[in-house]
Amino acid sequence: MAIRSDFFKDVYDVVRLIPYGRVSSYGAIAAYLGAKTGARMVGYAMNAAHAEVPYVPAHRVVNRNGMLSGKRHFGSENEMQLLLEQDGILVADDQVQNFNKVFWDPSLHLTL
DNA sequence: AAGGTGACAGTTT
DNA sequence: TAAACTGCCACCT
């Protein structure tokens with residue numbers, strides 16, 4: 001595949017917009033894109049984001065539970081947690097601590 | 001062209 | 001209460 005749908009590009013753009021020390025959820029991104037795309041598509045996009053440039057902070061994207069559901073897709077399972085910790089995000093038991101506190105909703109940032 | 005897959009989310013049993 | 005099922009929709013074989 002030469003190019004990807006704009007949908008993927010949108011996902012990457014939103015993910016890259018996630019500020020330092022913040023995390024987002026697949027559902028939030030999907031909702032920002034229209035809620036119809038389906039959260040699964042966001043995760044699927046992340047699958048390709050691994051090879052995207054510039055770098056897509058996929059580690060800042062977790063499920064609505066704050067769980068690092070995609071950690072296994074990284075080089076190492078600890079890598080995602082490590083990256084999050086570098087962002088100042090506390091992670092324990094593959095789960096983002098203070099998730100409600102560090103949660104960043106794209107629609108919240110671009111709306112209101 | 002058609003079927004199967006998936007880094008989710010919400011509902012039901 | 002936890003576990004399982006379905007719905008979602010684009011991508012891949």
Side-chain angles (χ1 to χ4, degrees):
Chain A
M1 55 249 194
I3 65 172
R4 294 177 178 79
S5 302
D6 292 340
F7 171 71
F8 272 47
K9 187 174 180 293
D10 269 344
V11 175
Y12 301 145
D13 187 42
V14 174
V15 174
R16 284 189 285 238
L17 286 174
I18 301 175
Y20 178 89
R22 299 282 188 170
V23 296
S24 188
S25 66
Y26 304 96
I29 296 170
Y32 171 68
L33 297 177
K36 47 223 329 276
T37 52
R40 304 186 110 182
M41 292 295 82
V42 179
Y44 204 92
M46 293 283 91
N47 188 10
H50 181 60
E52 274 295 316
V53 291
Y55 172 69
V56 179
H59 61 276
R60 291 178 181 168
V61 185
V62 295
N63 61 12
R64 79 119 184 146
N65 217 348
M67 186 175 173
L68 281 59
S69 43
K71 63 166 190 169
R72 55 184 112 202
H73 286 271
F74 282 77
S76 300
E77 296 186 1
N78 290 339
E79 185 168 330
M80 187 173 185
Q81 179 175 336
L82 192 65
L83 289 169
L84 285 169
E85 290 180 346
Q86 288 179 4
D87 281 1
I89 299 170
L90 299 176
V91 180
D93 192 30
D94 299 336
Q95 213 170 241
V96 177
Q97 302 303 297
N98 301 323
F99 180 62
N100 184 26
K101 192 176 188 176
V102 299
F103 177 72
W104 182 83
D105 193 323
S107 60
L108 188 68
H109 181 264
L110 300 173
T111 317
L112 297 176

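Letters A, B, ... mirror the listed sequences (proteins, then strands); counts begin at 1.
Distance OH (A/Y32) to C1' (B/dA9): 21 Å, rounded to an integer number of Å. Across the protein-nucleic acid pair, A/F7 atom CZ and B/dA7 atom P stand 15 Å apart, rounded to whole Å. Atom pair A/L33:CG and B/dC8:C1' shows a separation of 14 Å (rounding to whole Å applied). Rounding to whole angstrom units, CD1 of residue A/I29 and C1' of C/dA10 are separated by 16 Å. Between the P atom of B/dA9 and the CE atom of A/M41 lies a distance of 13 Å, rounded to the nearest Å. A/R40 has its CZ atom 15 Å from the P atom of B/dG4, to the nearest Å. Residue A/N65 contributes atom CG, which lies 13 Å from atom C1' of B/dG10 at whole-angstrom precision. When the C1' atom of B/dA7 is taken as reference, atom CZ of A/F8 falls 12 Å away, rounded to whole Å.
Within the 4.0 angstrom heavy-atom criterion, base atoms lie near A/N47. A/A49 comes within 4.0 angstrom of nothing in the nucleic acid, heavy atoms only.
Among A/D105, A/L17, A/V61, A/D10, the one residue that satisfies the side-chain contact (heavy atoms from CB on, under 4.5 Å) test with A/I29 is A/V61.
Using a 4.5 Å cut-off between side-chain heavy atoms of Ile, Leu, Val, Met, Phe, Trp and Tyr, with links allowed through other members, A/Y12 and A/F7 fall into the same hydrophobic cluster.
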side-chain contact (heavy atoms from CB on, under 4.5 Å) evaluation trace for A/M80 with A/V62: CA-CA 10 Å; A/M80 187 173 185; A/V62 295; 4.1 Å; yes

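Among the nucleotides B/dA7, C/dC11, B/dA9, the one closest to any side-chain atom of A/Y44 is C/dC11.
At most 12 non-hydrogen atoms from other residues, nucleotides or ligands lie less than 6.0 angstrom from CZ of A/R72.
One finds no side-chain N or O of A/T37 lying less than 4.0 angstrom from the OP1 or OP2 phosphate oxygen of C/dA10. Side-chain N/O atoms of A/R64 include one lying less than 4.0 angstrom from OP1 or OP2 on B/dG10.
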